[in-house]
Amino acid sequence: MQESLSVVCCPATPALLEQIWARTIARHPDDPRWEFWREEALLNNRTGRSQTFLVIADGIPVGEGTLLFSPECGAIRGRTALADGKTVTNINALRIEKAYEGQGHISRLVRLMEEAARAQGYRRISIGVEEQELRNRAIYHHWGYRDLLFRELEDGEPVLYYEKKL
């Protein structure tokens with residue numbers, strides 16, 4: 001377990017977004033999709049179609065999650081049940097470095113994201129999880145994501161989409 005002097009959750013700045021994407025791409029050097037996803041994420045943050053939030057340990061981003069507001073975001077692909085730009089938003093790309101797992105940082109990050117969505121007038125929030133990810137499903141259920149919206153195959157894997165009322 002990684003001990004840290006200071007861990008905070010906050011909205012991402014453009015500089016911190018660049019930093020976390022550089023680290024993420026470095027971990028996937030043979031997968032060109034990460035460069036595409038980086039460009040899309042930066043554009044969506046700049047245009048207000050999404051907002052990324054970070055877990056920062058001693059000044060270094062170690063975790064992230066993004067609220068997708070617009071159905072124009074590639075991860076949503078027009079599925080307005082997940083994000084419609086008005087009443088429902090989607091939590092996407094929720095991840096943290098292994099050394100920081102199990103310390104409550106992602107739970108705090110999700111609460112911050114929920115508060116931000118509520119403050120912007122959203123009444124519902126959705127999240128997706130691969131069906132075989134039983135641990136993550138249990139965590140999301142614990143957080144209140146219990147209403148199943150639908151099940152869909154993505155890249156050959158079944159994904160369950162849940163929502164929570166804010």
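- With R49 contributing its side chain and C73 its backbone, the two residues share no donor-acceptor pair below 3.5 Å.
- Atoms OG1 and CD1, from T89 and I125 in turn, are 5.5 Å apart once rounded to the nearest 0.5 Å.
- Linking ILVMFWY residues whenever their side-chain heavy atoms come closer than 4.5 Å, directly or via other members, places L112 and L166 in the same cluster.
- Between R123 and R118, the closest side-chain pair of non-hydrogen atoms is not below 4.5 Å.
- Contact annotation: the side chain of I76 never approaches that of S70 to less than 4.5 Å [non-hydrogen atoms, C-beta and beyond].
- Using the six-membered ring where Trp is involved, F69 and Y122 have ring planes that are parallel, under 30° apart on the 30 and 60° scheme.
- Shown here for R151 and P158, the closest heavy-atom pair between the two residues is NH2-CB, 3.3 Å.
- One finds no salt bridge joining R33 and E39 here, because no Lys/Arg side-chain nitrogen approaches an Asp/Glu carboxylate oxygen to under 4.0 Å.
- Around the CZ atom of R95, the shell of radius 6.0 Å holds more than 12 heavy atoms that belong to other residues, nucleotides or ligands.
- Here the side chains of L67 and F53 are in contact, with some heavy-atom distance below 4.5 Å.
- Each of V129 and V159 belongs to its own hydrophobic cluster when Ile, Leu, Val, Met, Phe, Trp and Tyr are linked at side-chain heavy-atom distances under 4.5 angstrom.
- Considering only heavy atoms from C-beta on, V88 stays 4.5 Å or farther from L82 through its side chain.
- Of the possible donor and acceptor atoms, one in the side chain of Q103 sits under 3.5 Å from a partner among the backbone N and O of A99.
- A81 and L149 make their closest contact through O-CD1, 3.8 Å (heavy atoms, listed as atom of the first residue, atom of the second, distance).
- Under a 4.0 Å N-O distance rule, the pair E64/R23 does not qualify as a salt bridge.
- Using a cutoff of 4.0 Å between basic side-chain nitrogens and carboxylate oxygens, E97 and R27 are scored as salt-bridged.
- Atom CZ of F36 is surrounded by 12 or fewer heavy atoms from other residues, nucleotides or ligands within 6.0 Å.
- Atom CD of Q51 sits about 8.5 Å away from atom CE of M113, to the nearest 0.5 Å.
- A distance of 8.5 Å separates CD of E72 from CG of N44, quoted to the nearest 0.5 Å.
- In terms of modelled atom types and a separation under 3.5 Å, the side chain of K164 and the main chain of R124 share no donor-acceptor contact.
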Q.
Run S107 and W143 through side-chain contact (heavy atoms from CB on, under 4.5 Å) and show every step you take.
A. CA-CA 8 Å; S107 293; W143 290 339; 3.1 Å; yes
Q: Would you sort out whether R77 and E154 count as a side-chain contact (heavy atoms from CB on, under 4.5 Å), showing the intermediate values?
A: CA-CA 12 Å; R77 293 190 318 262; E154 293 185 17; 4.3 Å; yes
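- The closest side-chain heavy-atom distance from W34 to T24 is below 4.5 Å.
- Distance CG/L54 to CG/L109: 7.5 Å, rounded to 0.5 Å.
- Rounded to the nearest 0.5 angstrom, D84 CG and R79 CZ are separated by 14.0 Å.
- No path of Ile, Leu, Val, Met, Phe, Trp and Tyr side chains, each step under 4.5 Å between heavy atoms, connects L68 with V110, placing them in separate hydrophobic clusters.
- The backbone N or O of G74 sits less than 3.5 Å from a side-chain atom of E40, completing a donor-acceptor pair.
- Salt bridge annotation for R137-E130: absent, with no cationic side-chain nitrogen under 4.0 angstrom from a carboxylate oxygen.
- Under a 3.5 Å cut-off, the side chain of N45 and the backbone N or O of T52 do form a donor-acceptor pair.
- Rounded to the nearest 0.5 Å, atoms OH (Y161) and OH (Y140) are 11.0 Å apart.
- A donor atom on one side chain and an acceptor atom on the other are found under 3.5 Å apart for N90 and S126.
- A continuous path of hydrophobic side-chain contacts links V7 to L94 [ILVMFWY only; heavy atoms under 4.5 Å].
- A donor-acceptor contact shorter than 3.5 Å links the side chain of T13 to the backbone of L16.
- A continuous path of Ile, Leu, Val, Met, Phe, Trp and Tyr side chains, each step under 4.5 Å between heavy atoms, connects I139 with V55, placing both in one hydrophobic cluster.
- Salt bridge E101/K98: present, at least one basic N to carboxylate O contact under 4.0 Å.
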(Q) One pair to check against side-chain contact (heavy atoms from CB on, under 4.5 Å): I91 and T66. What are the steps and the verdict? (A) CA-CA 6 Å; I91 293 177; T66 298; over 6 Å; no
